[in-house]
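Step one of this worksheet: look at the structure below.
We name chains A, B, ... by the order of the sequence lines, and we start the count at 1 in each one. All figures in this text were calculated on a predicted structure; none of them were measured in a lab.
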Number of protein chains: 2
Amino acid sequence: MKLIEAKQQFISSWGAFGTHWGINRTMAQIHALLLISPDPLTQDDIMEELNISRGNTNMNIRELINWGLVERIFIPGERKEFFSAEKDIWKVVKQIVKERKKRELEPMLQLLDKLEAVEGDKKDKHVKNFVDTVSSIKKLGKQADKTLDTMIKAEETWFVSALMKIFK
Amino acid sequence: MKLIEAKQQFISSWGAFGTHWGINRTMAQIHALLLISPDPLTQDDIMEELNISRGNTNMNIRELINWGLVERIFIPGERKEFFSAEKDIWKVVKQIVKERKKRELEPMLQLLDKLEAVEGDKKDKHVKNFVDTVSSIKKLGKQADKTLDTMIKAEETWFVSALMKIFK
DNA sequence: CCGAATTTTCAAAAAATATTGAAAGTTTAT
DNA sequence: ATAAACTTTCAATATTTTTTGAAAATTCGG
């Protein structure tokens, strides 16, 4: 397979993959393109490679910057802005975990705390089942939260070798 | 907070949560409703509780069954079918992990294997960066795959205590 | 086998989401 | 201060996804 074809497949699969994870196709594709580009690219480079409009490109680059996955690069003597993606995949994964934890897991745990305190007779099977369900989700969620916190701080080498030890 | 209100909040949040994870709102809401229902429900019960159409209810129940999260219950003397969700949250999580691994991670790893074998001069920085990126994603993906395999087989108590040990 | 009860399908409609492109805004070199 | 280069915004449009509901299919008791 030629590089040009492999690149296209990589970008298009990364885009499809993203849509399964609540990330829009274009955002994932821009990320993929930057990952495999050895040098920073401009907005125009990205527009051209992916055949998307200026507005779309701009919005999604910004979103990637919000997620901490892409950074603006200043190149002396250049008028245009350049963009580059973090290439260390372990850092990328940690960054995504960190953001999703903050945006999704933490609010969910807050809600569960409130819901667990529902009024009503615990003898009533509806009340009991509700509280039990909420409590068990909360328990697992809290555990996941702690685990992810530690993971976010971890080095890959340390993490992998620790995992190897338990999951042997 | 009254049970009825707490239920509604739980269902609606579970639905919103699902949409961030590529699961459609209705499917997540049906799942939430079944999780907090002590007894199995019929299609009509679900339609009425969530105010959704018969077709929509039917398709999403089926999808939940495909995911292994809901099962049909046969109740002697009843003509209608009843549905019930797995209540053990650890089992639910393992089931979801298992399915997503099969549907998403495994095909991605297969693709990466192919892409890693791209033709071209490894001295060319474009080729080199492409291969390096693909390889490192593959490496992390393979590790995740193994880890998840072990997790799928694990008991919750064992899993949590093992995690406590490393992530202390 | 009949017909009522129930489930399933799927084309059409609605809703949600993503994309465009042109205009407005900003920055920079001279 | 000006104008060209570049970036950002956002209303309109297009696309994708979800939902509906009525018709078709299936199941089951008698």
Round to the nearest Å and state the distance from A:Ile52 atom CD1 to D:dT15 atom C1'.
15 Å
May I have the distance from A:Ile61 (atom CD1) to D:dT9 (atom P), rounded to whole angstrom?
13 Å
Does the side chain of A:Asn58 get closer than 4.0 angstrom to OP1 or OP2 of D:dT8 through an N or O atom?
yes
I want to confirm an ordering. Mapping B:Thr57 and A:Glu81 to their closest nucleotides on DNA chain D, which one lands closer to the 5' end?
A:Glu81
Roughly how many Å is it from CH2 in A:Trp21 to C1' in C:dT17, rounded to a whole number?
21 Å
Using whole Å, what does the distance between atom P of nucleotide D:dC10 and atom CG of A:Asn56 come to?
16 Å
Passes side-chain hydrogen bond (donor to acceptor under 3.5 Å, both in side chains), B:Ser84 versus B:Glu71? Steps please.
CA-CA 6 Å; B:Ser84 167; B:Glu71 60 171 3; 5.2 Å; no
Between A:Gln43 (CD) and D:dT8 (C1'), how many Å, whole number?
9 Å
With heavy atoms under 4.0 Å as the rule, sort A:Arg54 into base, sugar-phosphate or nothing.
base
Quick one about B:Asp45 and B:Thr42 (side-chain donor to acceptor, distance below 3.5 Å, no hydrogens or angles considered), yes or no?
yes
Quiz question: going by heavy-atom distance under 3.5 Å, is there a donor-acceptor pair between the base of D:dT27 and the side chain of B:Arg79?
yes
Would you mind reading off the distance between A:Phe83 atom CZ and D:dT8 atom P, rounded to a whole angstrom?
7 Å
Here the pair of heavy atoms bringing A:Ile52 nearest to A:Thr26 is CD1-CG2, 3.6 Å
In whole angstrom, what separates A:Ile23's CD1 from C:dA18's P?
11 Å
Are B:Thr26 and D:dT18 close enough that a side-chain N or O sits under 4.0 Å from OP1 or OP2?
no
Taking for A:Gly55 and for A:Asn24 the nucleotide of DNA chain C with the nearest heavy atom, the one nearer the 5' end belongs to A:Asn24
Any Lys/Arg nitrogen of A:Lys122 or A:Asp132 sitting under 4.0 Å from an Asp/Glu carboxylate oxygen of the other?
no
Return the value, rounded to whole Å, for the distance between atom CG of B:Asn60 and atom P of C:dT7.
16 Å
Pair B:Glu106 + B:Lys102: basic N to acidic O under 4.0 Å
no
Nearest to side-chain heavy atoms of B:Arg62, which nucleotide of C:dT19, C:dT8, D:dT7:
C:dT8
